[in-house]
Amino acid sequence: MSLSIRNQIPGTVSAVTPGEAMATVKVRLDGGQDLTAAITVESVKDLGLAEGSAVRALVKSTEVALATGPVAGLSIRNQLPGTVTDVTTGDAMASVKITVEGGELTAAITRDAVADLGLEAGAKVVALMKSTEVSLATA
């Protein structure tokens, strides 16, 4: 299956915490970072997710925010440090490619944000992703 979601990072499920309707799934990415996905309990069952399951974490580029350093006092738990490898700007929006341990991410942010943050190749950033915006696919 081909997907339009560019951000697909491989990892292994390290924990599943089910609730009534939703579950949190902790994933150890191949680069060693931890990522949390909040998905339905039904999806956990349908995908057969359990500790040790191989998965891909999927995040749309429009759901990746960028910061110039770690952010404290924030409910967003997924914060992956990385380095900007490319910035492509249009009239209003920009595509920022980031290398993180074990993979690559793309963030679609405004051109103004790129300028305000001073983003260019080589810049250190932190990619922020809400757990509700992380989908999982089995390998």
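In this text the structure is predicted, and so the values were computed from the model without any measurement. Both backbone and side-chain heavy atoms feed into the values below; hydrogens, waters and symmetry mates do not.
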[atom1]/[X] to [atom2]/[Y] distance, rounded to the nearest 0.5 angstrom?
{"X": "M22", "Y": "T17", "atom1": "CE", "atom2": "OG1", "answer": "12.5 Å"}
{"X": "L47", "Y": "E42", "atom1": "CG", "atom2": "CD", "answer": "10.5 Å"}
{"X": "M129", "Y": "T36", "atom1": "CE", "atom2": "OG1", "answer": "10.5 Å"}
{"X": "K60", "Y": "E133", "atom1": "NZ", "atom2": "CD", "answer": "8.5 Å"}
{"X": "L128", "Y": "R77", "atom1": "CG", "atom2": "CZ", "answer": "11.5 Å"}
{"X": "L29", "Y": "D34", "atom1": "CG", "atom2": "CG", "answer": "7.5 Å"}

For [X] versus [Y], what's the shortest heavy-atom pair and its separation?
{"X": "A23", "Y": "P18", "result": "CB-CA, 3.8 Å"}
{"X": "V100", "Y": "P81", "result": "CG1-O, 3.5 Å"}
{"X": "V41", "Y": "E20", "result": "CG2-O, 4.1 Å"}
{"X": "G11", "Y": "D30", "result": "CA-OD1, 3.6 Å"}
{"X": "V134", "Y": "A57", "result": "CG1-CB, 4.1 Å"}
{"X": "R56", "Y": "P10", "result": "NH1-CD, 3.6 Å"}

Joint cluster assignment, [X] & [Y], ILVMFWY side-chain distance < 4.5 Å:
{"X": "L136", "Y": "V16", "value": "yes"}
{"X": "V126", "Y": "L117", "value": "no"}
{"X": "I5", "Y": "M93", "value": "no"}

Exercise. Start with the C-alpha gap between I39 and V25, add the side-chain angles, then the distance that decides, and say whether side-chain contact (heavy atoms from CB on, under 4.5 Å) holds.
Key: CA-CA 8 Å; I39 62 174; V25 180; 4.0 Å; yes
Practice problem: Please assess V59 against N78 for the test side-chain contact (heavy atoms from CB on, under 4.5 Å), listing each intermediate value before the final yes or no. | Solution: CA-CA 11 Å; V59 185; N78 296 319; over 6 Å; no
Quiz item: Side chains of N7 and I9: closer than 4.5 Å at any heavy-atom pair?
Solution: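 Sidechains of I9 and N7: no contact.
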Quiz item: So, T132 side chain and A38 main chain: donor-acceptor pair closer than 3.5 Å or not?
Solution: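 A pair under 3.5 Å: no.
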Self-check item: Verdict with supporting geometry, I109 and V96, side-chain contact (heavy atoms from CB on, under 4.5 Å)
Solution: CA-CA 8 Å; I109 62 175; V96 181; 4.0 Å; yes
Quiz item: Is the closest side-chain donor-acceptor distance between T106 and K97 under 3.5 Å?
Solution: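 Distance-only check fails for T106 and K97.
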Self-check item: I76 vs V71, side-chain contact (heavy atoms from CB on, under 4.5 Å): CA-CA, chis, key distance, verdict
Solution: CA-CA 9 Å; I76 298 174; V71 182; over 6 Å; no
